[in-house]
Protein chains: 2
Amino acid sequence: MPRTIDHDERRQLIGEAVWRLVLREGVGAVSLRTVAAEAGLVLGSLRHSFPTKAELLAFAMRLAHERAAARVARHRRVRDPRRRAVAALRELLPLDDERTVEMHVHLALLAEGPRHQELTALADDAQEAIRALCLQCLTDLRDAGQIAADRHLGRETTTLHALLDGLALHAMRDPRLRRAATRALDDHLDALARPLP
Amino acid sequence: MPRTIDHDERRQLIGEAVWRLVLREGVGAVSLRTVAAEAGLVLGSLRHSFPTKAELLAFAMRLAHERAAARVARHRRVRDPRRRAVAALRELLPLDDERTVEMHVHLALLAEGPRHQELTALADDAQEAIRALCLQCLTDLRDAGQIAADRHLGRETTTLHALLDGLALHAMRDPRLRRAATRALDDHLDALARPLP
DNA sequence: TTGATGTTAGCACGATCGTGCTACTGTCCT
DNA sequence: AGGACAGTAGCACGATCGTGCTAACATCAA
């Protein structure tokens with residue numbers, strides 16, 4: 001049944017065409033016609049894979065989330081909790097072009113939220129998943145004795161999550177900040193090992 | 001010469017109409033016609049104040065930045081450095097609807113960046129200004145002995161800036177996080193007072 | 001009152017948009 | 001071989017877009 005596989009592959013190629021367009025020309029330049037041209041298709045062909053624009057945008061955002069989630073999951077088997085946490089969280093920082101474009105796509109499509117409300121729901125899910133990842137990392141670190149016992153995990157999750165997304169937001173727009181972002185993340189995890197007062 | 005004053009006031013009213021549209025329907029719904037309708041004007045009238053769409057978008061973003069900067073500046077005379085820092089930084093968290101809409105406008109128009117490159121420049125300026133504010137706050141706190149001397153101010157600025165924007169990003173989308181965001185900011189400043197190792 | 005000037009109102013044009021719909025093409029099942 | 005059908009290509013429609021341009025209007029100086 002190679003038909004359906006080709007179908008999915010094609011949809012991914014089209015989704016990546018949306019990404020390139022968002023990155024290069026902004027989300028305002030995304031139309032069914034421009035996406036078709038970017039993907040090397042004709043309008044009618046693209047509309048066979050994505051009958052409506054809403055489906056196309058939702059797929060493009062979901063694809064970015066899935067790619068990121070797959071990279072994060074790849075580090076699940078790392079033994080040391082600290083190394084595992086750093087490896088996972090770094091996948092959510094725009095440290096290379098692949099991660100940068102995912103970040104741009106996520107934010108750009110989020111800005112289209114009110115129009116296509118499915119995008120808002122997708123973004124909510126992704127945000128909640130990242131918060132859950134942060135909590136998991138902190139829980140593992142605490143269980144391994146690498147976080148002071150008097151830390152409030154919920155609050156630390158809020159802080160780590162915000163720090164992560166804030167670093168991503170800045171590094172996304174200035175690649176020179178990539179090193180600083182990774183260092184800031186490391187330093188923060190270091191600081192958690194020390195008792196509070 | 002009340003003419004020019006009315007002119008500026010009108011431009012601000014139009015800019016706020018852009019804000020409402022961005023918040024309610026998304027940046028994709030911003031056109032000269034929809035903005036004119038939102039502002040209670042006819043297309044021709046709006047185009048007298050803003051001949052092109054690029055000017056309108058740039059003004060709307062600049063207006064958001066200026067409003068925020070004015071609120072920040074209002075706390076300059078607070079004596080205690082810690083209180084001054086908290087007061088200033090809180091003006092950049094979406095703790096009420098006014099600050100929330102500014103945040104949304106900033107991010108939404110940033111997503112239009114590649115098309116209207118002036119928006120990118122404006123966002124860069126705003127981001128640099130916020131970083132400078134973070135550095136100023138940290139410098140003042142250190143001079144007042146409220147930051148451990150072994151802290152690296154540059155790195156702490158990166159972290160504070162990222163934490164601030166990350167908290168804003170999250171609280172913007174879920175008002176329930178407003179309290180958590182303010183607490184996280186307070187806690188972070190508290191933590192800076194303790195020595196590193 | 002009249003004329004100058006700045007504001008408001010509106011038309012028109014070419015371009016582009018999303019989408020419904022119809023043909024054409026190739027590939028696999030029977 | 002031939003029919004079924006998924007996939008490709010493309011037309012057409014109404015709507016909306018940004019913008020150049022002109023006409024009506026208000027306000028104040030002379």
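The basis for the numbers below is simple: all heavy atoms, side chains too, and nothing from hydrogens, waters or symmetry mates. All chains are named by letter (A, B, ...) in the order of the sequence lines, taking the proteins before the strands, and each is independently numbered beginning at 1.
Looking at R67(A) and Q12(A), their side chains do bring a donor and an acceptor atom within 3.5 Å of each other.
Taking atom CZ on R33(B) and atom C1' on dG10(C), their separation rounds to 11 Å, with Å as the unit. Following rounding to the nearest Å, R11(B) (CZ) and dG6(C) (P) show an atom-to-atom distance of 16 Å. Atom-to-atom, NE2 of H116(A) to C1' of dG18(C) comes out at 10 Å; the value is rounded to the nearest Å. At whole-Å resolution of the value, CG in L13(A) and P in dT8(D) are 11 Å apart. Between F50(B) atom CZ and dT8(C) atom P the separation is 12 Å, expressed in whole Å. As a whole-Å value, the separation of L56(A) CG from dC17(C) C1' is 14 Å. R10(A) has its CZ atom 8 Å from the C1' atom of dT8(D), to the nearest Å. Look at CG on L41(B): it is 7 Å from P on dA9(C), rounded to the nearest Å.
For the OP1/OP2 pair of dT8(C) and a distance below 4.0 Å, the side-chain nitrogens and oxygens of H48(B) include no atom meeting the criterion. Contact between the side-chain N/O atoms of S45(B) and the OP1/OP2 oxygens of dA9(C) is found at a separation under 4.0 Å.
Here the shortest heavy-atom pairing between T34(B) and A29(B) reads OG1-O, 2.8 Å.
Contact annotation for T52(B): backbone-only contact, meaning every heavy-atom pair under 4.0 Å involves sugar-phosphate atoms and none involves a base. Note on L43(B): a base of the nucleic acid sits closer than 4.0 angstrom, heavy atoms only.
Listed by residue number, S31(A), L32(A) are the residues of residues 22-32 of chain A with a heavy-atom contact under 4.0 Å to DNA chain C.
Here E112(A) pairs with nothing under the salt bridge (Lys or Arg N to Asp or Glu O under 4.0 Å) rule; sequence neighbours left out.
Note: L95(B) CG to R179(B) CZ = 10.5 Å, rounded to the nearest 0.5 Å.
Remark: the R47(A) side chain and the dG20(C) base include a donor-acceptor N/O pair separated by less than 3.5 Å.
Side-chain atoms of R178(A) come within 3.5 Å of backbone atoms of P94(A) as a donor-acceptor pair (strictly under, hydrogens ignored). For W19(A) (side chain) and A60(A) (main-chain N/O), a donor-acceptor pair under 3.5 Å exists by modelled atom type. Side-chain atoms of H152(B) come within 3.5 Å of backbone atoms of G154(B) as a donor-acceptor pair (strictly under, hydrogens ignored).
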Counting Watson-Crick and G-U wobble pairs with both distances under 3.5 Å, what is the dot-bracket string for DNA chain D, 5' to 3', using [ ] for crossing pairs and | for pairs to another strand?
||||||||||||||||||||||||||||||

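Counting only heavy atoms from C-beta on, K53(A) has its side chain closest to dT19(C) among dC17(D), dT19(C), dT19(D).
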Give the C-alpha distance, both sets of side-chain angles, the deciding distance and a yes or no for side-chain contact (heavy atoms from CB on, under 4.5 Å) between R173(A) and L110(B).
CA-CA 10 Å; R173(A) 306 196 49 222; L110(B) 181 57; 3.7 Å; yes

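Partner of C134(A) under the side chain to side chain contact (heavy atoms under 4.5 Å, CB included) criterion, out of T158(A), L160(A), T139(A), L153(A): L160(A) alone.
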